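Since the structure comes first, as structure tokens, the remarks are kept for the end.
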Amino acid sequence: MPDALPRAPEAAKRGRRAAPPGDRHIFFRHWLRRPLAIGAVLPSGNRVARAMARELSLERHGAVLELGGGTGALTRGLIAAGCPIDRLVVVEREAELADYLARRFAGLRVVCGDACDADALLAAAGIDKLATVVSSLPIKWFPRAAQRAVLDGCFARLGPGGRFVQLTNALASPIPAAELGLAGEEVARIWAHFLPVQIWRYRRHPAADGPC
Ligand SMILES: C[S@@+](CC[C@H](N)C(=O)[O-])C[C@H]1O[C@@H](n2cnc3c(N)ncnc32)[C@H](O)[C@@H]1O
């Protein structure tokens, strides 16, 4: 039986609806169509969502960006952990999943688009500062230029000390951190369905961050 998420603060509960039935079904159907583009057979579980939520830096200014929202398993965990829904922006490329997210979480900003266009998408949404980026994109499978586009678009708005947090089952860093000018570390490993899921945290090398 999946363990329950922590009770959400009242403010965080507003705008959150119970998971509609069938989110696993919708997710699985997308995976069948485009397995590498979806990157997982089923949505993340509650323990993974809680571990990702621990990486939020809500004390920093700016929006919290989630990349690859799927059916909202992590979104729900972020909100339950106290991330105000009006600070959260979710980018999801699959139109059906983006619609599903918007219906599931009233008041959530959902951007249907490609995370590789993060810079343009965020500019169009009027977002110039990010507190944290939480990603469950199958970034390991992205071409190098696409990885760079995602990360550059995000780090430009994260500013000094900002973190890009990535979920993976790659058993090693899913991106070549040093080549991309980043320092990365595995910060959590969770066993789900007998397989390890890892959380990697990346920051820009201090030299690349520029003066504070
Ligand atoms: C592994 S699933 C994670 C879904 C959900 N966050 C979870 O943990 O259950 C990855 C999600 O990223 C989305 N995705 C993949 N490539 C993308 C891209 N380039 N831009 C935006 N979303 C993308 C997929 O459609 C899928 O919903």
Side-chain angles (χ1 to χ4, degrees), residues 2 5-35 37-46 48-50 52-53 55-56 58 62-139 142 146 149-150 153-154 157-158 164-167:
L5 284 162
R7 289 179 71 78
E10 278 313 309
K13 277 186 192 166
R14 277 198 295 277
R16 175 162 68 79
R17 292 176 182 152
D23 58 339
R24 287 179 156 227
H25 174 80
I26 294 168
F27 197 95
F28 183 63
R29 186 157 46 75
H30 278 80
W31 177 80
L32 279 177
R33 259 189 244 145
R34 306 207 309 144
I38 299 297
V41 183
L42 290 173
S44 298
N46 290 344
V48 172
R50 275 203 303 268
M52 285 294 264
E55 296 301 317
L56 289 176
L58 293 176
V64 173
L65 178 65
E66 185 191 344
L67 299 177
T71 49
L74 298 184
T75 316
R76 176 170 176 261
L78 301 179
I79 296 167
C83 180
I85 201 162
D86 56 2
R87 274 188 78 181
L88 195 51
V89 181
V90 182
V91 174
E92 169 55 54
R93 188 174 54 187
E94 299 290 325
E96 191 188 347
L97 295 177
D99 280 353
Y100 183 87
L101 285 168
R103 277 186 278 112
R104 181 173 175 187
F105 301 97
L108 178 69
R109 262 198 291 181
V110 181
V111 177
C112 183
D114 189 331
C116 300
D117 301 324
D119 193 42
L121 294 177
L122 292 168
I127 295 168
D128 58 4
K129 234 177 179 12
L130 293 173
T132 312
V133 180
V134 172
S135 163
S136 53
L137 297 171
I139 200 165
F142 288 13
V150 172
C154 292
R157 289 168 174 81
L158 278 166
F164 183 101
V165 181
Q166 176 69 46
L167 192 66

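Quick caveat, the model's predicted, so the values are computed rather than measured. For the numbers below, each heavy atom of this structure counts, side chains included, while hydrogens, waters and symmetry mates do not.
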Please report the C-alpha distance between Leu122 and Leu65 in whole Å, then the side-chain angles of each, then the deciding distance to 0.1 Å, and finally whether the side chain to side chain contact (heavy atoms under 4.5 Å, CB included) criterion is met.
CA-CA 9 Å; Leu122 292 168; Leu65 178 65; 4.1 Å; yes

Between Glu94 and Ile38, is the side chain to side chain contact (heavy atoms under 4.5 Å, CB included) condition met? List the steps.
CA-CA 9 Å; Glu94 299 290 325; Ile38 299 297; 4.0 Å; yes

[X] side-chain N/O to [Y] backbone N/O, donor-acceptor pair under 3.5 Å:
| X | Y | result |
| --- | --- | --- |
| Ser135 | Gln166 | no |
| Arg87 | Ala131 | no |
| Arg34 | His30 | no |

Rounded to the nearest 0.5 Å, what separation is found between the [atom1] atom of [X] and the [atom2] atom of [Y]?
| X | Y | atom1 | atom2 | answer |
| --- | --- | --- | --- | --- |
| Ile85 | Leu108 | CD1 | CG | 5.0 Å |
| Tyr100 | Asp23 | OH | CG | 4.0 Å |
| Leu137 | Arg93 | CG | CZ | 8.5 Å |
| Phe27 | Leu97 | CZ | CG | 7.5 Å |
| His25 | Arg29 | NE2 | CZ | 5.0 Å |
| Ile139 | Phe164 | CD1 | CZ | 4.5 Å |

Derivation of the side chain to side chain contact (heavy atoms under 4.5 Å, CB included) call for Glu96 and Ile26:
CA-CA 9 Å; Glu96 191 188 347; Ile26 294 168; 4.2 Å; yes

Which heavy atom of [X] sits nearest to which heavy atom of [Y], and what is that distance?
| X | Y | value |
| --- | --- | --- |
| Gly77 | Ala49 | CA-CB, 4.0 Å |
| Gly153 | Ala118 | CA-CB, 4.4 Å |
| Ala146 | Cys116 | CB-SG, 3.6 Å |
| Met52 | Val165 | SD-CG1, 3.9 Å |
| Ser44 | Ala73 | O-CB, 3.2 Å |
| Leu101 | Thr71 | CD2-C, 3.7 Å |

Go through it in stages, so that I can follow the logic: the residues are Asp86 and Arg109, the test is salt bridge (charged side-chain N to carboxylate O under 4.0 Å, His left out), and I'd like the CA-CA distance, side-chain angles, deciding distance and then a yes or no.
CA-CA 7 Å; Asp86 56 2; Arg109 262 198 291 181; over 6 Å; no

Would you indicate whether the side-chain heavy atoms of Val133 and Val150 approach each other to under 4.5 Å?
no

Evaluate the side-chain proximity of Cys154 to Leu67: yes if any heavy-atom separation is below 4.5 Å, no if none is.
yes

I'd like to know if the side chain of Thr75 pairs up with that of Glu66 as donor and acceptor (distance under 3.5 Å, no hydrogens or angles considered).
yes

Side chain to side chain contact (heavy atoms under 4.5 Å, CB included) evaluation trace for Asn46 with Arg76:
CA-CA 9 Å; Asn46 290 344; Arg76 176 170 176 261; 3.5 Å; yes

